[in-house]
Amino acid sequence: MMNLDLTGKRALVAGSTQGIGKAIAMQLARQGAEIILIARNEEKLIQVKNELPTPASQEHHYIVADFSFPPQLKVLIEDWLELNGNIQILVNNTGGPAGGPITEAKEEEFIKAFNNHLICNHILAKALIPGMKEAKFGRIINIISTSVKQPLAGLGVSNTIRGAVANWAKTMANELGQFNITVNNVLPGATNTVRLKSIIENKAAKTGKTVEEISQQMANAVPMKRVAQPEEIANAAAFLASPAASYINGINLPVDGGRTGCL
Ligand SMILES: NC(=O)c1ccc[n+]([C@@H]2O[C@H](COP(=O)([O-])OP(=O)(O)OC[C@H]3O[C@@H](n4cnc5c(N)ncnc54)[C@H](OP(=O)(O)O)[C@@H]3O)[C@@H](O)[C@H]2O)c1
């Protein structure tokens, strides 16, 4: 029987008050993990914490943090670990960078996205790795984007930073495999979340088309003729977090209904 059980394990899930992050937190909790949520909005954090399943009578927690302030995040996570002990599963995730053509991107936008994505991932990973080594079990899962494989039109800053995060992750995987810590990336395609809604609205405003037309175009670009539900992304992340995924390391897993055109 494939082992998906996460009872007795702790999972820090970032960007987890809505969308893909929340769906991942819900799924990992269903598999028995104790969840530590992170986001900026405390009200929403409390609400999600109360929604999380507790099949193993596990306790869930949250940390209020803003990824726009990496040094603060570092202090918050280090203090939390000192007080509460180790975490074995890390899901790196946060809101995506603003859209726009790369030729119009401002330098500050790259720096902001680099901080929010790469630097915050690094801070969390560095803080958790010693505990993962101690447990002789660790999972680092980064929610990135299919732009790791093929740039997406109109997402210049995002495409650039996603490439950096993917290379960071692959290098981490090379260094950490020997400790039974795996590092893998999940690459969502278009997924039905608030983030997608705002991308569709922006495109509609720019092209003069209706929101329905843009949504239809987006669905038509996918071999499966629909966008994903957040739970479908969460299932892939939860599998990678499980003991069953013990020999999967250093991969980029598109969960995009087949949209990405390359192998
Ligand atoms: N949805 C898609 O179609 C799609 C496709 C490909 C890739 N992705 C990528 O997958 C990731 C998640 O997407 P999503 O659609 O689930 O996003 P989302 O609905 O916008 O949710 C983002 C989550 O991150 C938190 N967050 C945002 N900014 C933060 C900050 N500065 N500090 C701390 N937490 C922050 C938000 O909570 P608070 O507001 O409370 O902080 C929220 O819980 C993003 O990187 C996105 O670009 C999404």
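First listed ligand is number 1; within each ligand, the first listed atom is number 1.
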Give the C-alpha distance, both sets of side-chain angles, the deciding distance and a yes or no for side-chain hydrogen bond (donor to acceptor under 3.5 Å, both in side chains) between Q31 and Q27. CA-CA 6 Å; Q31 288 169 226; Q27 182 54 38; 2.7 Å; yes

Passes side-chain contact (heavy atoms from CB on, under 4.5 Å), I248 versus T182? Steps please. CA-CA 7 Å; I248 302 177; T182 64; over 6 Å; no

Begin from the C-alpha positions of K197 and E201 and carry the test salt bridge (Lys or Arg N to Asp or Glu O under 4.0 Å) through to its verdict. CA-CA 6 Å; K197 202 166 161 264; E201 283 166 359; 3.5 Å; yes

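In terms of protein heavy-atom proximity, atom 16 (O) of ligand 1 is nearest to I20 N, 2.8 Å. Nearest protein heavy-atom neighbour of atom 17 (O) of ligand 1: R195 CB, 3.7 Å. Remark: minimum distance from atom 35 (C) of ligand 1 to any protein heavy atom is reached at T94 OG1, 3.3 Å. From the protein, the heavy atom lying nearest to atom 31 (N) of ligand 1 is D66 OD1, 2.9 Å. The protein heavy atom nearest to atom 3 (O) of ligand 1 is T191 N, 2.7 Å. Of all protein heavy atoms, the one closest to atom 12 (C) of ligand 1 is N93 OD1, 3.1 Å. Given atom 47 (O) of ligand 1, the protein heavy atom at minimum distance is R162 NH2, 2.6 Å. When hydrogens are left out, the protein atom nearest atom 32 (N) of ligand 1 is F67 N, 2.8 Å; that is the closest non-hydrogen contact.
Every atom of ligand 1 with a heavy atom of A190 under 4.0 Å away is listed here by number and element: 3 (O). Against a heavy-atom cut-off of under 4.0 Å, I143 is close to the following atoms of ligand 1: 10 (O). For ligand 1 and G19, the ligand atoms under 4.0 Å from any heavy atom of the residue are 16 (O). Per-residue contacts place N41 under 4.0 angstrom from the following atoms of ligand 1 (heavy atoms of the residue considered): 40 (O). The A65 neighbourhood of ligand 1 comprises atoms 32 (N), 33 (C), with distances under 4.0 Å to a heavy atom of that residue. Heavy-atom contacts of P188 reach the following atoms of ligand 1: 5 (C), 6 (C), 7 (C) (cutoff under 4.0 Å). Remark: ligand 1 atoms within the under-4.0 Å shell around heavy atoms of T17 are 36 (C), 37 (O), 38 (P), 40 (O), 42 (C), 43 (O). Interface of N116 with ligand 1, defined as ligand atoms under 4.0 Å from a residue heavy atom, comprises 31 (N).
In terms of polar-atom proximity, defined here as any N/O pair under 3.5 Å, G15 does make such a contact with ligand 1. Between P97 and ligand 1, no N or O atom pair is found at a separation short of 3.5 Å. Some N or O of R40 is nearer than 3.5 Å to an N or O of ligand 1, by distance alone.
Considering only heavy atoms from C-beta on, I214 stays 4.5 Å or farther from I199 through its side chain. Side chains of L152 and L155 form a contact here, defined as non-hydrogen atoms less than 4.5 Å apart. Two residues are said to be in side-chain contact when any heavy atoms from C-beta on lie closer than 4.5 Å; I89 and R10 fail this criterion. Inter-residue side-chain proximity for L90 and I141 is flagged as unmet; no heavy-atom pair is nearer than 4.5 Å. With contacts defined as side-chain heavy-atom distances shorter than 4.5 Å, the pair L240/V186 qualifies.
When heavy-atom distances to ligand 1 are checked against a 4.0 Å cut-off, S158 has no atom that comes that close, whether in backbone or side chain. Only the side chain of T193 comes within contact range of ligand 1, with a heavy atom under 4.0 Å; no backbone atom does. Neither the backbone nor the side chain of L45 has any atom closer than 4.0 Å to an atom of ligand 1 (non-hydrogen atoms only).
Residue N252 forms a side-chain contact (heavy atoms from CB on, under 4.5 Å) with just one option from V148, T146, N142, and that option is V148. When each of V255, I143, L253, V227 is checked for a side-chain contact (heavy atoms from CB on, under 4.5 Å) with P188, only I143 meets the rule.
Ranked by closest heavy atom to atom 5 (C) of ligand 1, the top entry among A14, G189, P230 is G189.
Ion pairing between a basic and an acidic side chain is recognised when a charged N comes within 4.0 Å of a carboxylate O; E232 and R226 show such pairing.
Residue contacts with ligand 1: E43 is excluded, as none of its non-hydrogen atoms falls under 4.0 Å. Taking a 4.0 Å cut-off on heavy atoms, Q18 registers as neighbouring ligand 1. Within the structure, ligand 1 lacks C120 among the residues with a heavy atom less than 4.0 angstrom away. The shortest separation from a heavy atom of I144 to ligand 1 is under 4.0 Å, placing the residue in contact.
Interatomic distance, Q178 CD to N180 CG, rounded to the nearest 0.5 Å: 11.0 Å. Annotation: the span from S145 atom OG to I161 atom CD1 amounts to 12.5 Å, rounded to 0.5 Å.
With no hydrogens or angles considered, a side-chain donor-acceptor pair links H61 and E34 at under 3.5 Å.
Checking side-chain atoms of H117 against main-chain N and O of G95 turns up a donor-acceptor pair under 3.5 Å.
Taking the centre and axis of the six-membered ring of F179, the NZ or CZ atom of K136 falls outside the cone set by 45° and 6.0 Å.
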